> 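Take a look at the following structure, please.
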Amino acid sequence: MLEEKKKSFIEFCKENTNYILATFLATIAIYGAWASQYFVSFDAEGLYLETSRVTVNPWYMQWIGLGRWAFVVLKKVLGVLSINPFFSIGIFIVLFPMSAILWNYLFENWGLKLKNGTRLLFNLLYLSNPIWALQFAYRNQMEVLSIIAAILPIAIYYFIYFFEKIYVNKKIWSIDLLNLIISMFTIAFCFAGYQSFVIMFILSMAIYFFINIMQNQLELKEFYKKLLIVIILFAITFGMYSVSSDIFRMLAGVTGTNYSGYLTGQIIWFNTEFSKCFEMVSKGLINIFIGDNIAYTCILIIEFLLGIPIIIMQNKKIENIWLKIWNFIIYLSLFIIALILTILTAGIAAARQQFAYALLVAFLGAFEINYYIENISIIKKVGIIYGTLIVILSFVILIQSEKNTRLLYSDYFTMKTDYLKMEEIYNRAREKGAKNGDAIAFVGINHNPFIEPFVEYEMIGLSYFEITYQDHEKVIEAM
């Protein structure tokens, strides 16, 4: 793959300025109205404190306990241990769409030549996915998550470049080895931001092999060697992440066991009947493939079916029978990897954790349309077929965008309503003679009335006053 000179990222950007501009405009169109509003969001209420107290904030201790020390490090480096929402939103608006552009650049370096239209299609499918609305509703981590989302594809580029260069030059230079080590540390750093990036990385490796086999760029022996190298390097990288997490826990004086329930509690196979787990996995997968009318659409089942003829057609061009088999196995593995959280947690994985799902939907949408346009002569000749494919995917993007923005709208409305209610409680308490420092108690639960335009999904649409029985301090801190 390295025989031909690869474009630098700067060259890539210069050649695709219109596509890049459209990507940023689309991001503003989807997230701009929500991002421009100022309000407190869940898990951020305790971070509006002076810096001297924030450094020992229990939320940051929890992140370290959960192995998410990279978030704390980035918060410290950026100077946002005490929240600065305007700065965070600026980082989000720049780096989140940039992460989609970097994935496109990565795919091109792996040999996938997308047209500008399909590049933009990838970005729109990726950026508009409702899982990002669910994730970024936690505004306390939007800037650090955006940074890591942009760093990961860069680190993967150098990770792959190492053994790609070995196969061309047959020797390793010290600078190549240094780049590999840095990339592995960087990938481990990404894992330490949010564990969903682990699944995203594994999916990207499957996409790498898929592109290579589909482009007929791999021989069987080379495939086995590269697969073995990836597995070994991934194991070492994951080990780096695990060891570094233990070191940060020790330095912070926290233990993983104090917070392990949050993660291990999601894996219920060992404490629930197998038949019940199987039923829950089935329901979870059906929701993802068929759609649940909020976080998921039916796009994945459509892409799965559209991909099968492509595999069959491309296998006719592959001579080695084992590569044909591996091509089909890797195609299936794309879906298994992207849905592994649903399988492991018996269907209870939160949609906001499904980063790999968002990447897969975007990749397959762009790849399949690109393939059909370039390889099926009837599509080239009959404009109505080409137009129909574009209309279908454009409709999916519109649906995703509508669900995404409805979630963001619901998030804003609920938090704004809570703020007005908190202000009313505060003013009434002052009228009754309450002074600064007086205690306030919340008894019972105050459910939000159902209002038609809004949705409640995971934490979005959930009021602070609906979780007083779990943690009454959250309401106090939000006030």
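All values below were derived from every heavy atom in this structure, side-chain atoms included, with hydrogens, water molecules and symmetry-related copies excluded. If you're wondering where the values come from, they're calculated on a predicted model, not measured in any experiment.
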> Can you tell me how far the CD1 atom of I325 sits from the CD1 atom of I330, to the nearest 0.5 Å?
12.0 Å
> Can you tell which of F189, F191, Y194, Y241 makes a ring-ring contact (aromatic ring centres under 6.0 Å, His included) with W69?
F189
> side-chain contact (heavy atoms from CB on, under 4.5 Å), that's the test. Do M142 and Y31 meet it? Break it down for me.
CA-CA 12 Å; M142 65 161 28; Y31 295 96; over 6 Å; no
> Nearest 0.5 angstrom please: I202 CD1 to L334 CG, how far?
12.5 Å
> Does the plane of the ring in Y161 sit parallel, tilted or perpendicular to the ring in Y157? Use 30° and 60° as the thresholds.
parallel
> Given side chains that start at C-beta, do those of Q215 and K113 come closer than 4.5 Å, heavy atoms only?
no
> Do you know which two heavy atoms are closest between G365 and L125, and how far apart they sit?
CA-CD1, 4.0 Å
> Side chain of S410, backbone of V455: donor and acceptor closer than 3.5 Å?
yes
> Could you tell me which non-hydrogen atom of A150 sits nearest to which non-hydrogen atom of L95, and how far apart they are?
CB-O, 4.0 Å
> Does any part of the side chain of K403, heavy atoms only, come nearer than 4.5 Å to the side chain of N293, both counted from C-beta?
yes
> Any side-chain heavy atom of I154 sitting closer than 4.5 Å to one from F9?
no
> Kindly indicate whether the side chain of Y19, heavy atoms from C-beta on, has any atom under 4.5 Å from the side chain of N104.
yes
> Using atom types as modelled and distance alone, determine if a side-chain donor or acceptor of N404 lies under 3.5 Å from a backbone N or O of S128.
yes
> Under 6.0 Å from the CD atom of E219, do we count more than 12 heavy atoms belonging to anything else shown?
no
> Does some side-chain heavy atom of I10 sit less than 4.5 Å from a side-chain heavy atom of K14?
yes
> Could you tell me whether W326 and F223 have their ring centroids closer than 6.0 angstrom?
yes
> Return the OG to CG distance between S99 and L152, rounded to the nearest 0.5 Å.
9.5 Å
> Quick one: do F367 and I211 satisfy side-chain contact (heavy atoms from CB on, under 4.5 Å)? Show the steps, please.
CA-CA 9 Å; F367 171 80; I211 290 174; 5.6 Å; no
> Are W110 and Y208 close enough that their ring centres sit under 6.0 Å apart?
yes
> Can you name the nearest heavy-atom pair linking A252 to I64, along with the distance?
CB-CD1, 3.8 Å
> Would Q353 and Q195 count as having a side-chain donor-acceptor pair, cut-off 3.5 Å?
no
> Does CZ in F12 sit with more than 12 non-hydrogen atoms of other residues, nucleotides or ligands closer than 6.0 Å?
yes
> Show your working on side chain to side chain donor-acceptor pair (under 3.5 Å) between Y357 and N129 and close with a plain yes or no.
CA-CA 9 Å; Y357 164 81; N129 200 296; 4.7 Å; no
> I need the N109 CG to S8 OG distance, nearest 0.5 Å.
9.5 Å
> Can you name the closest pair of heavy atoms from L124 and Q400 and give their distance?
O-NE2, 4.4 Å
> Hey, does the side chain of Y296 reach the backbone of I286 with a donor-acceptor pair shorter than 3.5 angstrom?
no
> Is the gap between the ring centers of F136 and F96 under 6.0 Å?
yes
> State the CG-CG distance between N320 and N216, to the nearest 0.5 angstrom.
10.0 Å
> Do K324 and I311 come within less than 4.5 Å of each other through their side chains, counting heavy atoms only?
no
> Please give me the minimum heavy-atom distance between S204 and I156, naming the atom from each residue.
OG-CD1, 3.3 Å
> Do you know the tightest heavy-atom contact between L323 and I318?
CB-CG2, 3.7 Å
> With a 4.5 Å heavy-atom cut-off, do K75 and E143 have their side chains touching?
yes
> To the nearest 0.5 Å, what is the distance between CD1 on I213 and CG on N327?
5.5 Å
> Relative to the ring of Y331, is the ring of F304 parallel (under 30°), tilted (30 to 60°) or perpendicular (over 60°)?
parallel
> Taking side-chain hydrogen bond (donor to acceptor under 3.5 Å, both in side chains) as the criterion, tell me which of Q354, Q141, E458 meets it with Q135.
Q141
> Show, in sequence, the C-alpha distance, side-chain angles and deciding distance for T414 and E456, and conclude whether the side chain to side chain donor-acceptor pair (under 3.5 Å) test is met.
CA-CA 10 Å; T414 305; E456 185 173 312; over 6 Å; no
> Could you tell me whether the side chain of Y372 and the main chain of L306 form a donor-acceptor pair under 3.5 Å?
yes
> Tell me, with the steps shown, if L106 and L102 meet side-chain contact (heavy atoms from CB on, under 4.5 Å).
CA-CA 6 Å; L106 193 61; L102 286 164; over 6 Å; no
> Is there a side-chain contact between M205 and F234, using heavy atoms and a 4.5 Å cut-off?
no
> Before giving the answer on side-chain contact (heavy atoms from CB on, under 4.5 Å), spell out for L233 and L180 the whole-Å C-alpha distance, their side-chain angles and the decisive distance to 0.1 Å.
CA-CA 10 Å; L233 293 180; L180 173 67; 4.0 Å; yes
